[in-house]
Amino acid sequence: VSQSRYYVIVHLRHIDKFTKDTFRSMQFMLEDWKHFLRAMGQSYLWAPVDKDNTKIKRLLGGLGFKYAGQHENMTVYQYEV
């Protein structure tokens, strides 16, 4: 996780297996982070991923992240907290 005064970014570099346990683990983590991020005054959690990483893109979509755009060679998603 990277943060500044204006944004918080989660870096998901690699997933070996995309399982139901991986998904549930991320759901619980997002719920925990929501309260913390709101307390910090943040509205979104950002996630840049390699444009060819279909596993992470599928995970983010299932978790409720929305496509936000492209930056350099990355696809950027945002999650409203």
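This structure is a prediction, so every number in the text was calculated from the model and none was measured.
Side-chain N or O atoms of R38 include none that pairs as donor or acceptor with a backbone N or O of S43 at under 3.5 Å.
Taking every heavy atom of both residues into account, P48 and V10 meet most closely at CD-O, 3.6 Å. Smallest separation of non-hydrogen atoms from L63 and L30: CB-CD1, 3.9 Å. Here the closest heavy-atom approach between residue Y7 and residue Q42 is recorded as CA-OE1, 3.4 Å.
Residue H11 places its NE2 atom among more than 12 non-hydrogen atoms of other residues, nucleotides or ligands, all under 6.0 Å distant.
Within the model, atoms CZ of F23 and CZ of R58 stand 10.5 Å from one another, a figure rounded to the nearest 0.5 Å. Taking CH2 of W33 as the start and CE of M26 as the end, the distance is 6.0 Å to the nearest 0.5 Å. To the nearest 0.5 Å, atoms CG (L60) and OH (Y77) are separated by 6.5 Å. Atom OG1 in T22 sits 10.0 Å away from atom NZ in K55 (nearest 0.5 Å). Between L59 atom CG and T54 atom OG1 the span is 11.5 Å, to the nearest 0.5 Å.
Residues satisfying the salt bridge (charged side-chain N to carboxylate O under 4.0 Å, His left out) criterion with E72, sequence neighbours excluded, are absent altogether. The side chain to side chain donor-acceptor pair (under 3.5 Å) search around K51 returns none, not counting sequence neighbours.
In this structure, F65 and Y79 have tilted ring planes: the angle between them lies in the 30° to 60° band.
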Given Q70 and T75, is the side-chain hydrogen bond (donor to acceptor under 3.5 Å, both in side chains) satisfied, shown in steps? CA-CA 5 Å; Q70 297 285 110; T75 303; 3.0 Å; yes

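Note on I9: it does not cluster hydrophobically with M74, by side-chain heavy-atom contacts below 4.5 Å among ILVMFWY residues. One hydrophobic cluster holds both L45 and Y67 under the rule that ILVMFWY side chains link at heavy-atom gaps under 4.5 Å.
Using a 4.5 Å heavy-atom cutoff, the side chains of V76 and W46 are in contact.
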